[in-house]
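Here's the structure, in structure tokens; my notes come after.
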Amino acid sequence: MQNLKSIIKNSKVLYYLYHYIMSTLINILKIFVVPDNHLILFVSYGGRHYSDSPRIIYEKMLKDKRFKDYKLVWAFIDPDKFEIPNKIKIDTFNYFKTALKARCWITNVMIERALNFKGKNTFYFHTTHGILVKKDGPDVKNKKFNSIAKYKYDVSLAQSKYEQKIEMRIFGLSKDKIKIIGYPKNDILSVYTKEYREKIRNRLGISSGKKAILYAPTFRENTNFHETFKININKWKQMLGDGYVFLYRAHPVVDIKGKNNDSFFIDVSNYEFLEELMIASDVLISDYSGIIFDYCIMHKPIYLWTYDYDDYEQQRGLYFDIRKDLKFSESEKNIIYMIKNHDWMNPPKEVIDFQRKYATVYGNGTQNSVNLIYENIK
């Protein structure tokens with residue numbers, strides 16, 4: 001199935017055939033589907049995960065009396081992986097029928113599977129999954145062809161005016177549809193306790209007193225959804241010593257390979273809740289990923305390992321040079337050296353300045369989102 005999807009994505013002719021034929025069939029089906037005003041459909045990262053802001057909203061709704069008569073349904077690529085009461089398999093007839101019936105769609109990417117359809121009475125709530133430094137949508141450089149799927153969001157979330165402006169461009173949305181109310185997934189980053197952090201660290205196997213490094217690289221199109229693992233773990237272990245533990249988090253849409261964990265290296269790519277990994281860690285290493293716009297809320301150190309900056313900027317494109325805001329290096333050895341010599345006594349000024357510029361609204365995204373959804377579907 002993954003190979004078939006890859007072939008369609010890389011062939012303009014096949015993609016257009018898939019888009020128009022399937023879109024037509026689903027819109028014909030819509031004629032016969034009766035909307036269900038008490039059905040809400042959730043999808044995270046195209047059905048790969050039970051995570052991110054859709055999960056936070058879902059768990060909030062379960063406790064909210066206003067939604068006690070609603071049926072909350074999740075769609076997954078592999079439903080058996082998740083212990084959710086109401087779940088369906090994505091890309092099936094039942095999935096498209098459920099999507100057409102639903103009063104509300106809640107997702108951090110798209111529901112339509114690169115197609116063009118929407119339910120007769122559907123309120124489309126897009127949480128987004130991160131502020132962007134890398135170009136997206138029509139702005140991406142060197143694309144073989146542009147997607148012809150249309151963004152039909154009724155609401156899309158943002159946590160700064162910077163992101164609102166970017167979303168207006170890439171999604172083609174009017175300003176009033178982009179609500180700067182914060183991300184539900186980030187609420188916990190500003191209010192977590194030491195006890196909560198220690199509980200997560202114990203669950204992950206991080207020994208008390210050790211500094212936890214979280215490495216979370218972005219997605220790279222030229223890998224065809226395969227993992228890029230360029231880390232020399234022995235070098236990190238030798239240079240840092242026993243006082244550190246290395247948490248590796250692959251991008252949520254890539255195919256990952258199993259790795260051997262030990263007292264220094266822990267592969268947390270299959271750990272569903274990224275916000276917990278951010279809380280458990282002491283420092284972030286990334287590159288052009290949206291995680292930096294979330295992590296900065298905690299005012300913990302961030303280092304950018306930009307070993308392929310020129311190539312990435314040429315292939316994908318970036319909205320601005322992230323290296324002007326945060327500490328960076330193209331050398332793996334230099335990144336290790338900077339972490340080893342980090343001043344843990346003082347908060348990183350450049351991260352605080354970055355947060356004040358790009359992550360200006362946070363802390364109450366979940367309640368704001370649930371209220372907004374209810375007001376639109378009640």
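Computed over heavy atoms, backbone and side chain alike; hydrogens, waters and symmetry mates excluded.
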Could you check whether the rings of [X] and [Y] sit parallel, tilted or perpendicular, using 30° and 60° as the cut-offs?
X: Phe293; Y: Phe320; answer: perpendicular
X: Tyr153; Y: Tyr151; answer: tilted
X: Tyr45; Y: His49; answer: perpendicular
X: Tyr70; Y: His38; answer: tilted

Nearest 0.5 angstrom please: [X] [atom1] to [Y] [atom2], how far?
X: Ile166; Y: Lys135; atom1: CD1; atom2: NZ; result: 9.5 Å
X: Tyr362; Y: Ile297; atom1: OH; atom2: CD1; result: 6.5 Å
X: Tyr215; Y: Leu277; atom1: OH; atom2: CG; result: 15.5 Å
X: Phe42; Y: Cys104; atom1: CZ; atom2: SG; result: 7.0 Å
X: Glu272; Y: Lys81; atom1: CD; atom2: NZ; result: 7.0 Å
X: Leu304; Y: Ser286; atom1: CG; atom2: OG; result: 7.0 Å

Indicate yes or no: at least one non-hydrogen side-chain atom of [X] is less than 4.5 angstrom from one of [Y].
X: Ile285; Y: Ile339; answer: yes
X: Ile291; Y: Leu214; answer: yes
X: Phe76; Y: Val43; answer: no

- Item | Ring centroid separation Phe67 to Tyr374 under 6.0 Å |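 For Phe67 and Tyr374, the ring centres are under 6.0 Å apart.
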
- Given Leu41 and Leu72, is the side-chain contact (heavy atoms from CB on, under 4.5 Å) satisfied, shown in steps? CA-CA 6 Å; Leu41 177 63; Leu72 312 181; over 6 Å; no

- Message: Testing Val351, Asn346, Asp353 one by one against Lys349 for a side-chain contact (heavy atoms from CB on, under 4.5 Å), which residue passes?
- Response: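 By the side-chain contact (heavy atoms from CB on, under 4.5 Å) criterion, Lys349 pairs with just one of Val351, Asn346, Asp353: Asp353.
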
Just wondering, are more than 12 heavy atoms of other shown residues or ligands nearer than 6.0 Å to [atom1] in [X]?
X: Asp242; atom1: CG; value: no
X: Lys357; atom1: NZ; value: no
X: Lys141; atom1: NZ; value: yes
X: Lys210; atom1: NZ; value: yes
X: Lys179; atom1: NZ; value: yes
X: Arg323; atom1: CZ; value: yes
X: Phe82; atom1: CZ; value: yes

Check [Y] with [X], please: is the shortest side-chain N to carboxylate O separation under 4.0 Å?
X: Asp154; Y: Lys118; value: yes
X: Arg316; Y: Asp136; value: yes
X: Asp78; Y: Lys89; value: no
X: Glu59; Y: Arg55; value: yes
X: Lys60; Y: Asp64; value: no
X: Arg103; Y: Asp36; value: no

- Mind listing the closest non-hydrogen atom pair of Glu332 and Asn232 along with its distance?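 So the minimum-distance heavy-atom pair works out to OE2-N, 2.9 Å.
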
Classify the side-chain pair [X]/[Y] by whether it contains a donor and acceptor separated by less than 3.5 Å.
X: Asp267; Y: Asn261; result: no
X: Asp321; Y: Tyr309; result: yes
X: Asp187; Y: Asn364; result: no
X: Asn108; Y: Thr127; result: no
X: Ser160; Y: Thr360; result: no
X: Tyr183; Y: Glu163; result: yes
X: Tyr319; Y: Asp139; result: yes
X: Arg249; Y: Asn270; result: no
X: Gln314; Y: Asp310; result: no
X: Lys152; Y: Asn116; result: yes
X: Tyr271; Y: Glu276; result: yes
X: Asp176; Y: Ser174; result: yes
X: His342; Y: Tyr303; result: yes
X: Glu112; Y: Trp105; result: no
X: Glu167; Y: Ser156; result: yes
X: Tyr295; Y: Glu275; result: no

- Where do Asn94 and Lys97 land on the side-chain contact (heavy atoms from CB on, under 4.5 Å) test, with the steps shown first? CA-CA 5 Å; Asn94 189 34; Lys97 185 178 72 171; 4.0 Å; yes

With hydrophobic residues grouped by side-chain heavy-atom distances under 4.5 Å, do [X] and [Y] end up in a single group?
X: Ile302; Y: Tyr288; value: yes
X: Tyr358; Y: Ile180; value: no
X: Ile90; Y: Phe93; value: yes
X: Phe273; Y: Ile106; value: yes
X: Ile178; Y: Val361; value: no

- For Arg197 and Asp282, run salt bridge (Lys or Arg N to Asp or Glu O under 4.0 Å): C-alpha distance rounded to whole Å, both residues' side-chain angles, the deciding distance at 0.1 Å, then the answer. CA-CA 11 Å; Arg197 170 178 149 90; Asp282 297 281; 2.7 Å; yes

- Item | Worked verdict on Ile373 versus Met61 for side-chain contact (heavy atoms from CB on, under 4.5 Å) | CA-CA 10 Å; Ile373 292 167; Met61 285 183 173; 3.8 Å; yes

- Query: Which is it for His126 and Thr128 under the side-chain contact (heavy atoms from CB on, under 4.5 Å) test, yes or no, and what are the steps along the way?
  - Reply: CA-CA 6 Å; His126 178 236; Thr128 79; 3.3 Å; yes

- Item | side chain to side chain donor-acceptor pair (under 3.5 Å) between Glu330 and Trp305, intermediate numbers included | CA-CA 6 Å; Glu330 296 179 2; Trp305 184 16; over 6 Å; no

